[in-house]
Amino acid sequence: MRGPTWAVLGLAAVLTTTVVEAHEVRPGYLEIQQSAEETYDVTWKVPRRGDVRLAIDPRWPDRCRSLTPTATYTTGNAFVDRWQVACAGGLTESTIVIDGLSGARTDVLVRLQRLDGTTQVELLTDATPAFVVRGTPSWIAVSGTYLELGVEHI
């Protein structure tokens, strides 16, 4: 009985390892850095497999427009795009959506840095593919965000 039991356990281990590797998670990263009242520098890092780019992209509010052409390069396991956008009235209280995130089997970490140096950090998933840009947060709100992200990470 020992032989078949070890064989079954060995097969289960191999299958589990294969499944884990097939669902490797490499998150996307969206960095939005405010450079003027209505202008933002954007870095969009999209995971890739070989030469295949994940089909996920940020969707900006209708009042936003690109100011510069997108510069794209590859690094490690990702495509990186950089460009600048202008949003009439700024981004506060606007919703930014990551199109294609549902079913993409990845998450997107978002970091928005305002002119005053404060930041907003969001973790977007297939269940929550959008976020609302908040105004400058209080120190209590910042602490709560980091606590929440830490708990989710653990």
Side-chain angles (χ1 to χ4, degrees), residues 15-154:
L15 291 175
T16 302
T17 303
T18 302
V19 170
V20 169
E21 288 178 11
H23 301 295
E24 175 185 357
V25 176
R26 288 179 287 179
Y29 177 67
L30 177 61
E31 182 178 81
I32 305 165
Q33 186 166 0
Q34 189 175 18
S35 53
E37 281 300 315
E38 298 182 344
T39 307
Y40 302 85
D41 297 326
V42 180
T43 300
W44 174 230
K45 186 175 179 182
V46 183
R48 70 181 182 134
R49 279 226 167 99
D51 291 333
V52 178
R53 178 184 182 126
L54 281 183
I56 57 175
D57 286 296
R59 180 171 13 114
W60 301 90
D62 290 339
R63 67 180 185 284
C64 296
R65 62 183 171 79
S66 291
L67 292 178
T68 60
T70 301
T72 302
Y73 61 94
T74 59
T75 179
N77 292 322
F79 289 95
V80 179
D81 296 337
R82 292 181 188 262
W83 72 98
Q84 193 173 59
V85 304
C87 301
L91 282 175
T92 301
E93 301 305 320
S94 298
T95 300
I96 297 176
V97 179
I98 304 298
D99 285 332
L101 194 55
S102 297
R105 298 181 121 169
T106 193
D107 298 332
V108 172
L109 180 64
V110 179
R111 182 177 183 275
L112 181 136
Q113 184 170 350
R114 297 175 194 83
L115 281 176
D116 65 7
T118 60
T119 59
Q120 178 177 345
V121 177
E122 301 287 340
L123 179 63
L124 304 181
T125 66
D126 62 347
T128 56
F131 75 102
V132 175
V133 176
R134 297 184 306 265
T136 301
S138 67
W139 70 269
I140 293 172
V142 171
S143 298
T145 298
Y146 280 104
L147 178 64
E148 181 182 340
L149 285 172
V151 169
E152 286 178 9
H153 178 74
I154 292 171

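Numbers here simply count residues along the sequence, with the first being 1.
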Student: Is the side chain of Gln34 donor-acceptor paired with the backbone N or O of Leu115 at a distance under 3.5 Å, no angle test?
Tutor: yes
Student: Identify the two heavy atoms, one from Asp41 and one from Ser35, that lie closest to each other, and give their separation to 0.1 Å.
Tutor: OD2-CB, 3.6 Å
Student: Using side chain to side chain contact (heavy atoms under 4.5 Å, CB included), reason through Arg134 and Glu122 one step at a time and then give a plain yes or no.
Tutor: CA-CA 11 Å; Arg134 297 184 306 265; Glu122 301 287 340; 2.8 Å; yes
Student: Heavy-atom distance under 4.5 Å between the side chains of Leu91 and Cys64, does that happen here?
Tutor: yes
Student: If you draw a 6.0 Å radius around CZ in Arg48, do more than 12 non-hydrogen atoms from other residues or ligands fall strictly inside?
Tutor: yes
Student: Give the C-alpha distance, both sets of side-chain angles, the deciding distance and a yes or no for side chain to side chain contact (heavy atoms under 4.5 Å, CB included) between Arg53 and Asp81.
Tutor: CA-CA 12 Å; Arg53 178 184 182 126; Asp81 296 337; 2.4 Å; yes
Student: Using the side chain to side chain contact (heavy atoms under 4.5 Å, CB included) rule, take Thr95 and Phe131 through it: C-alpha gap first, then chi angles, then the decisive distance, then the call.
Tutor: CA-CA 6 Å; Thr95 300; Phe131 75 102; over 6 Å; no
Student: Could you tell me whether the side chains of Tyr29 and Arg111 share a donor-acceptor contact shorter than 3.5 Å?
Tutor: no
Student: So how far is it from Arg26 CZ to Arg105 CZ, rounded to the nearest 0.5 Å?
Tutor: 13.5 Å
Student: To the nearest 0.5 Å, tell me how far Gln120 CD sits from Arg114 CZ.
Tutor: 5.5 Å
Student: Identify the heavy atoms of Ser94 and Pro61 that sit nearest to each other, and give their distance.
Tutor: CB-CG, 3.6 Å
Student: Without swapping roles, check the side chain of Glu38 against the backbone of Ala88 for a donor-acceptor pair under 3.5 Å.
Tutor: no
Student: Near Asp116 CG, under 6.0 Å, is it more than 12 heavy atoms from other residues, nucleotides or ligands?
Tutor: yes
Student: Salt bridge (Lys or Arg N to Asp or Glu O under 4.0 Å) with Asp99: which residues, sequence neighbours excluded?
Tutor: Arg59
Student: Looking only at heavy atoms, what is the nearest atom pair of Asp51 and Phe79, with distance?
Tutor: O-CZ, 3.7 Å
Student: Which atom pair, heavy atoms only, marks the closest approach of Gly90 to Tyr40?
Tutor: CA-OH, 3.5 Å
Student: If you look at every heavy atom in Thr125 and Leu101, which pair is closest and at what distance?
Tutor: O-CD2, 3.3 Å
Student: Check Gly103 against Asp126 and note the closest heavy-atom contact, atom names and distance.
Tutor: N-CB, 3.9 Å
Student: Among residues at least two apart in sequence or on other chains, which ones pass salt bridge (Lys or Arg N to Asp or Glu O under 4.0 Å) with Asp57?
Tutor: none
Student: Please lay out, stage by stage, how Ile96 and Ile32 fare under the test side chain to side chain contact (heavy atoms under 4.5 Å, CB included).
Tutor: CA-CA 11 Å; Ile96 297 176; Ile32 305 165; 3.8 Å; yes
Student: Enter the distance from Arg82:CZ to Glu31:CD here, rounded to the nearest 0.5 Å.
Tutor: 7.5 Å
Student: side-chain contact (heavy atoms from CB on, under 4.5 Å) with Trp44: which of Val80, Ile56, Thr72, Thr70?
Tutor: Ile56
Student: Check side-chain contact (heavy atoms from CB on, under 4.5 Å) between Leu149 and all other residues, then give those that pass, not counting sequence neighbours.
Tutor: Val121, Leu123, Thr145, Glu152
